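To start, the structure under review is shown below, and the notes come after it.
Predicted, not measured: the structure shown is a model, and the values here were computed from it. Read the numbers this way: they start at 1 and go in the same order the structure lists the ligands and their atoms.
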Amino acid sequence: MSLIICLLFASTLQIQFHQSVAAGPEVKPSHLQDPHDASSWPGHLKPLGSEATHLPILELNQFPSPTEFFQHYVYPSVPVVFRHGARRSPAYEKWSDEYLKSLPESQEMINVEMRKVENRNIPPARMSFAEFLDRYTVYDEYLVTGVPDFLKKDVLVPPPLLCDNITVNFLDSVMWFSSGGTKSVLHNDDVDNLNCLFSGQKEILFVNYTKYRHQIVFDHPEGSFSGVDVERVDFNKYPEFRDVEFFEAKLEAGDCIYIPYKWYHQVNSIHRNIAINIWWNHKANIIPTPVTCGNPDPELSLADVRFYYHDLMNNEEEEIIHPELVFVENPGQSLTTFMEEEGKEILTENQLVGILSTKLPMLQGVWNQEALDIGHKIFQQIDMDDNGEISSQDLEQLPNEQEGEGPFGLRLQQKLMMLIDVIDEEISKTREKQLQKMLANAIVTDSDILSSSQEDSKLVGTVDETKSDKDEL
Ligand SMILES: *[C@@H]1O[C@H](CO)[C@@H](O)[C@H](O)[C@H]1NC(C)=O
Ligand SMILES: *[C@@H]1O[C@H](CO)[C@@H](O)[C@H](O)[C@H]1NC(C)=O
């Protein structure tokens, strides 16, 4: 399975880590805590985040316009709950088991995960939608699949995404359906995510990626998740989870939530649970203004839009979203080719940085100190004999790992991801400025478009007042 899909379908790829948790030493009362003894830290061998500081997530009772959404939430990476935001979709009222079973298309085949506590080693099963509906209340099964075509018209595109400049960058849309009790691993996605809940409740723990990306570095970068047992955190094995602040969101049926690009999250579901999420490309040049948004139909549904991963993408195009992957899969080959083409015997650190810039074109212009430090570490990792230059002997000594998924490749990947983080932060800042500039122009030239597009984005059937209800959490 290709890397891109495992980054995205974090939950369909399986790796085993729930089976063997060593019984840890007894937990001491907190006043006896020893800072060096991880087993004395509060929360040791307890569920993830159970003894940690919890921060409230912002809540809105009204949808922002696409412009406001990107300005205040997407560019600065702020998670937000849209209370009752899913109620406008027909799915919210219509999707009972009886209704779903009555549809002739429910004979279509879908993917079903065979565990509710996420286990990335067990492959999903194929069965018909109807068969799943007969089984899911009895067996430990979790439907995780692209939204079946025959159900797409029941799910409306949330108003903050109603903008041509955004919808052309939709990547995929997935249905999550179970009788409750699912627990995901702690993971992140390198896409933006808006998730709407049509039945049941969800509890989502978030960790601020920007704040903790140096502290929490996944031991499974290939699938963008941590191997930590979310039901029983072993601080001896995962000391990075000490002193982490968690944001916590509690969703009810009819609510939606924005999960920012790369934010760590862990999702539990309660009761009969149906959610649909939309992933879109964080790296696309999205600047939603009244001009770039066009005038999309407010009733636009998932049936009216295309999803790049599902409908259009082939393997070669992975590179568009993950240019670094080609390099990680075979760094030795990439660098050898470069040196041959350029007629070079050795590479200096500066030259390696130059090559990384061509592999990651977004890096041009953003080689700040943090990026240079990471570039230095990448250089050191490849300079096998530590003599301050990369030669063909160094490259021959690089471990020959299948698709770069061995320990060497994983370490390299972790560093490239940090480099990409630096780029992403710079890009978000630039886009925010561009948006401000375009809005300033738009207000002068076309104030009418602006106000009408804001009106379209009001939530149907809720109060007309933006409220941030922090106390509830
Ligand atoms: C979105 O709009 C901006 C500003 O006009 C434009 O530069 C960019 O290419 C558009 N992006 C897409 C993906 O259409
Ligand atoms: C996340 O952390 C960064 C860095 O500490 C901070 O600037 C930002 O405000 C935080 N975001 C939220 C939503 O708290």
Side-chain angles (χ1 to χ4, degrees), residues 49 52-60 64-81 157 160-171 188 191-193 204-216 240 243-249 257-265 278-296 305-309 312-313 317 320-321 361-362 368 370 418 421-422 424-443 445-446 449-450 453 468-470 473:
T53 304
H54 280 210
L55 303 169
I57 286 192
L58 216 57
E59 294 185 14
L60 301 178
S65 70
T67 302
E68 293 163 333
F69 178 51
F70 271 67
Q71 246 182 331
H72 301 307
Y73 305 98
V74 181
Y75 296 145
S77 279
V78 178
V80 58
V81 170
V157 174
L161 303 182
L162 276 176
C163 167
D164 299 344
N165 200 253
I166 304 171
T167 53
V168 296
N169 288 293
F170 281 180
L171 294 175
N188 69 0
V191 286
D192 274 305
N193 188 348
I204 311 182
L205 283 179
F206 289 97
V207 178
N208 182 339
Y209 184 71
T210 316
K211 187 161 179 180
Y212 290 101
R213 64 186 164 80
H214 290 288
Q215 180 173 335
I216 302 174
E240 66 266 36
D243 293 335
V244 169
E245 297 165 337
F246 287 84
F247 286 83
E248 188 185 23
I257 189 163
Y258 166 59
I259 302 178
Y261 170 77
K262 287 251 185 132
W263 270 47
Y264 305 115
H265 55 285
I278 294 175
W279 275 307
W280 71 95
N281 184 2
H282 181 83
K283 299 191 197 303
N285 184 19
I286 299 179
I287 306 172
T289 67
V291 177
T292 63
C293 283
N295 212 350
V305 288
R306 292 213 289 181
F307 290 91
Y308 186 78
Y309 276 171
L312 303 167
M313 194 170 86
E317 287 170 322
I320 297 174
I321 294 159
M362 319 83 96
N368 58 19
E370 187 183 4
M418 287 184 192
D421 293 337
V422 175
D424 290 334
E425 283 169 19
E426 291 300 319
I427 290 179
S428 288
K429 282 185 215 153
T430 312
R431 296 233 173 91
E432 206 172 336
K433 283 191 200 124
Q434 269 174 294
L435 175 66
Q436 263 153 14
K437 206 163 136 195
M438 287 180 71
L439 285 179
N441 293 338
I443 286 162
T445 55
D446 214 340
I449 302 179
L450 182 63
S453 93
S468 102
D469 201 350
K470 298 187 177 182
L473 288 172

Between Phe70 and Trp280, what is the ring plane arrangement, given parallel below 30°, perpendicular above 60°, and tilted in between? tilted
Nearest non-hydrogen protein atom, atom 14 (O) of ligand 1: Asn165 ND2, 3.3 Å
Between Lys429 and Glu426, does any side-chain N to carboxylate O distance fall below 4.0 Å? yes
Would you mind checking which non-hydrogen protein atom is closest to atom 13 (C) of ligand 2, with the distance to 0.1 Å? Trp263 CH2, 3.9 Å
Strictly inside 4.0 angstrom of atom 2 (O) of ligand 2, do you find any protein heavy atom? yes
Report the member of Leu435, Asn281, Thr292, Asn169 with the shortest heavy-atom distance to atom 5 (O) of ligand 1. Thr292
Element-labelled atoms of ligand 2 that are located less than 4.0 Å from some non-hydrogen atom of Phe247: 14 (O)
Are the side chain of Asn165 and the backbone of Ile287 linked by a donor-acceptor contact shorter than 3.5 Å? yes
Using a distance-only test with no angle check, is there a side-chain donor-acceptor pair under 3.5 angstrom linking Asn188 and Tyr209? no
Would you confirm whether His54, through its side chain, and Gly49, through its main-chain N or O, come within 3.5 Å as a donor-acceptor pair? yes
Only heavy atoms of Lys211, strictly under 4.0 Å: list the atoms of ligand 2 that pass. 2 (O), 5 (O)
Main-chain N/O of Tyr212 paired to Gln215 side chain as donor or acceptor, under 3.5 Å: no
For atom 6 (C) of ligand 1, grab the closest protein heavy atom and report residue, atom and distance to one decimal in Å. Asn285 ND2, 4.0 Å
Judged on heavy-atom distance to atom 8 (C) of ligand 2, which of Val80, Thr210, Asn208 sits nearest? Asn208
